[in-house]
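The structure appears right after this line, and notes come after that.
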Amino acid sequence: MAMKKQNKVAQTAMLKQILKKCSSLGKRIVDDESGLPVDVPKGHFAVYVGENRTRYIVPISFLTHPEFQCLLRRAEEEFGFGHEMGLTIPCEEVVFQSLTSMLR
């Protein structure tokens, strides 16, 4: 039971770190008051996918899906979260599109 709780705490911390990082990334057109990108609706965040780093806007609710969390773990292993190039998902765009269409 304690192991499950520790895992849940670690997962929550990781998700908070990702959200904090995502909120400052992909700033193309920034709202002066909030400091957030205007092209990213509230409750969503930007990710970059594939070799061409195509930008996708995804709902924050995806963070609770195990399949998406697996992609985030791969992103952390491959790129880490401490860089300025945005949250990059290491998979082909077709795979990402297929996965996200199932999660919606």
Side-chain angles (χ1 to χ4, degrees):
M1 185 71 160
M3 185 65 122
K4 218 179 220 187
K5 187 174 182 179
Q6 279 182 330
N7 191 22
K8 195 75 158 173
V9 170
Q11 182 181 22
T12 302
M14 180 186 80
L15 294 176
K16 284 181 181 179
Q17 178 186 5
I18 291 167
L19 284 176
K20 184 177 179 183
K21 185 72 176 165
C22 290
S23 68
S24 64
L25 298 173
K27 292 184 178 181
R28 292 183 177 180
I29 304 170
V30 178
D31 181 316
D32 289 337
E33 289 180 26
S34 70
L36 298 173
V38 257
D39 64 337
V40 179
K42 187 174 184 170
H44 292 72
F45 63 101
V47 295
Y48 299 87
V49 180
E51 286 183 28
N52 296 324
R53 303 279 195 264
T54 304
R55 187 172 189 248
Y56 289 88
I57 307 299
V58 296
I60 289 174
S61 63
F62 280 12
L63 294 173
T64 62
H65 292 278
E67 297 86 358
F68 197 80
Q69 290 175 5
C70 181
L71 287 178
L72 292 175
R73 281 189 292 277
R74 287 181 49 204
E76 181 181 28
E77 289 170 6
E78 190 163 329
F79 304 113
F81 294 132
H83 55 79
E84 293 301 320
M85 63 185 208
L87 179 58
T88 305
I89 305 292
C91 74
E92 296 179 21
E93 286 184 62
V94 175
V95 174
F96 183 80
Q97 291 170 347
S98 175
L99 173 67
T100 55
S101 69
M102 291 186 314
L103 298 179
R104 293 187 188 269

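Worth knowing before you read on, the calculation uses all heavy atoms, side chains too, and leaves out hydrogens, waters and symmetry mates. Predicted model only: the values in this text are computed from it and were never measured.
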Would you call the rings of Phe45 and Phe68 parallel, tilted or perpendicular, taking 30° and 60° as the class edges? perpendicular
Shortest non-hydrogen pair, Pro90 vs Glu78, comes out as CB-OE1, 3.3 Å
Would you give the length of the straight line joining atom CD1 of Ile60 to atom NZ of Lys42, rounded to the nearest 0.5 angstrom? 9.5 Å
Could you see if Leu103 belongs to whatever hydrophobic cluster contains Leu72? Use Ile, Leu, Val, Met, Phe, Trp, Tyr and a side-chain cutoff under 4.5 Å. yes
What is the minimum heavy-atom distance between Arg104 and Pro59, and which atoms define it? NH1-CD, 4.1 Å
Give, for atom OG of Ser98 and atom CE of Met102, the distance between the pair rounded to the nearest 0.5 Å. 5.0 Å
Rounded to the nearest 0.5 Å, what separation is found between the CG atom of Leu87 and the CZ atom of Arg55? 11.5 Å
On a heavy-atom basis, the closest approach of Arg53 and Phe79 is NH2-CE2, 3.8 Å
Exceeds 12 heavy-atom contacts within 6.0 angstrom, atom CD of Glu92: no
Nearest heavy-atom approach of Ile57 to Ala46 is CD1-CB, 3.8 Å
Ile89 vs Tyr56 side-chain heavy atoms within contact, under 4.5 Å: no
Show the nearest heavy-atom pair for residues Glu93 and Val49, with the distance to one decimal. CG-O, 3.8 Å
Should Phe62 and Leu71 be marked as a side-chain contact (heavy atoms from CB on, under 4.5 Å) after you check the CA-CA gap, both sets of side-chain angles, and the distance that decides it? CA-CA 11 Å; Phe62 280 12; Leu71 287 178; over 6 Å; no
SG on Cys91 to CD on Glu51, rounded to 0.5 Å: 11.5 Å
